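Right, one structure below, let's go through it.
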Protein chains: 2
Amino acid sequence: MSQTLPEFDLDGYVPFRFAVVAHQLSRDLAIRYKDRFGISITEWRVLVNIGYSGDVSIRDIERRVSLEKSKVSRAASRLEAAGYLSKCVDESDRRLIKLALTEKGTTLLAEIVPIAQAYQAEVEALLGDKFEMLQELLGTLMDRAR
Amino acid sequence: MSQTLPEFDLDGYVPFRFAVVAHQLSRDLAIRYKDRFGISITEWRVLVNIGYSGDVSIRDIERRVSLEKSKVSRAASRLEAAGYLSKCVDESDRRLIKLALTEKGTTLLAEIVPIAQAYQAEVEALLGDKFEMLQELLGTLMDRAR
DNA sequence: TTGACATCGTTGCATTTGCAACGACACACT
DNA sequence: AGTGTGTCGTTGCAAATGCAACGATGTCAA
């Protein structure tokens, strides 16, 4: 009749907990951006990456930010349409497309970065002296991939 | 001409890091399920919740697992179609729908739970004695909501 | 040079997602 | 009973997503 299930504690299951926390953080952040600047999280990541990185091809962003290249490509197109960045062919390798912030994009980024920092400060305050430990753990987990 | 951006380190930005790690964990897990059992992560969460919880309405799952109710509803429908669970109206409150595993569903769950546990064991082994600290931190962050 | 093979960015397509309705039902108050 | 308000699960729809092509370009060896 009724079979017995092995012991299992979903509430303590790490992949699940990560999903919940990550979703929560993303959502909180999205709310602060979307309404005010019309920028999605994905677009935000691309924007930041371009602003703070030397490498700026789609492929580079894909690697550095763990985003599907199609996701990056579409985000870049939306950002270009909105006037925040420009695309131009890399003459040393014509397969590559160099992305660069426009002045408008730089202005936007300068506005929204402090918001992101303030949010991280909240998290930091919540965790207190354990914040550094969290960063260390996240580092270990991120390195795990491949 | 070119404006200056405030200092910012994307690689150390917690919401970003959480997103990457969570996506990675979900993906790893999805691979182990999807191919072998045809079950998505969302469906897996619903399944586990029904199997290990007393409360089994859609609304209950929404609350306990941080899933949109439409997501739960659709996952439940798919699982029902696949014969893993049954729906029936709660006679004490006819707005509610009680979800229950079928025997087939219980069998499936008994098969896949050990896989999930083995995966968590990998993570635990990677983190060693810091695993408990991670759990504590995740707990703090999960409580933060609302 | 030619040809085989890899890489880049884009796009088509099916699926999933989030959000806002919606109908059905519950409850409180009159 | 009737009315208003709230909650439940479902569904429609637009947007986002993942994945597999695809054309264009680069690389390297014959």
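As a basis for the values below, the full set of heavy atoms in this structure was taken, side chains included, without hydrogen atoms, waters or symmetry mates. This one's a predicted model, so the numbers in the text were calculated from it and none came from an experiment. In what follows, every chain begins at residue 1, and chains take the letters A, B, ... in the order their sequences are listed.
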task = Name the residue closer to the 5' end of DNA chain D, choosing between B:R27 and A:D93 according to the nucleotide with the nearest heavy atom.
result = B:R27
ask   = D:dT25 P sits how many Å from A:I58 CD1, rounded?
value = 16 Å
note = Here the distance between atom P of C:dC19 and atom NZ of A:K34, to the nearest Å, is 10 Å
request  = Respond yes when some side-chain nitrogen or oxygen of B:K87 is under 4.0 Å from OP1 or OP2 of D:dT10, and no when none is.
outcome  = yes
query = Across the strands shown, which category fits B:K98 at heavy-atom distances under 4.0 angstrom: base, sugar-phosphate, nothing?
reply = nothing
ask   = Using a cut-off of less than 4.0 Å, is there contact between a side-chain N or O of B:H23 and OP1 or OP2 of D:dG18?
value = yes
Under 4.0 angstrom between A:S73 side-chain N/O and C:dT10 OP1 or OP2 = yes
inquiry  = Check the phosphate of D:dT17 against A:T42, side-chain N and O only, distance under 4.0 Å to OP1 or OP2. Yes or no?
reply    = yes
Parallel, tilted or perpendicular: ring planes of A:Y13 versus B:W44, cut at 30 and 60 degrees = tilted
message = Distance check needed: C:dA24 C1' versus B:K69 NZ, whole Å only.
response = 13 Å
query = Any donor-acceptor pair under 3.5 Å between the side chain of A:R74 and the base of D:dG18?
reply = yes
ask   = Atom CZ of A:R59 to atom P of C:dA6: distance rounded to whole Å?
value = 14 Å
note = Whole-Å distance, B:K71 NZ to C:dC19 P, equals 11 Å
inquiry  = Here's a test of your reading of the structure: between A:E43 and A:R94, which maps to the more 5' nucleotide of DNA chain D?
reply    = A:E43
query = OP1 or OP2 of C:dT7 less than 4.0 angstrom from a side-chain nitrogen or oxygen of A:R95, does that happen here?
reply = no
request  = Carefully, step by step, assess B:V65 and A:F16 under the rule side chain to side chain contact (heavy atoms under 4.5 Å, CB included).
outcome  = CA-CA 9 Å; B:V65 203; A:F16 163 65; 3.3 Å; yes
ask   = For the pair made of CD in A:E62 and P in D:dC19, what is the distance, rounded to whole Å?
value = 12 Å
ask   = What class does the angle between the rings of B:F18 and A:F18 fall in, given that below 30° is parallel, 30 to 60° is tilted and above 60° is perpendicular?
value = tilted
task = Verify the distance criterion only: is there a donor paired with an acceptor across the side chains of B:T140 and A:K130 at less than 3.5 Å?
result = no
key: From CD1 (B:I97) to CG (B:D60), nearest 0.5 Å   = 12.5 Å
note = Sorted by position of nearest nucleotide on DNA chain C, 5' first, the leading residue of B:D90 and B:S40 is B:S40
query = Which part of the nucleic acid does A:S70 contact within heavy-atom distance under 4.0 Å: base, sugar-phosphate only, or nothing?
reply = base
note = note: A:I41, atom CD1; C:dT17, atom C1'; distance rounded to Å ~ 15 Å
message = Please report the distance, rounded to the nearest Å, between CD in B:E91 and P in C:dC25.
response = 11 Å
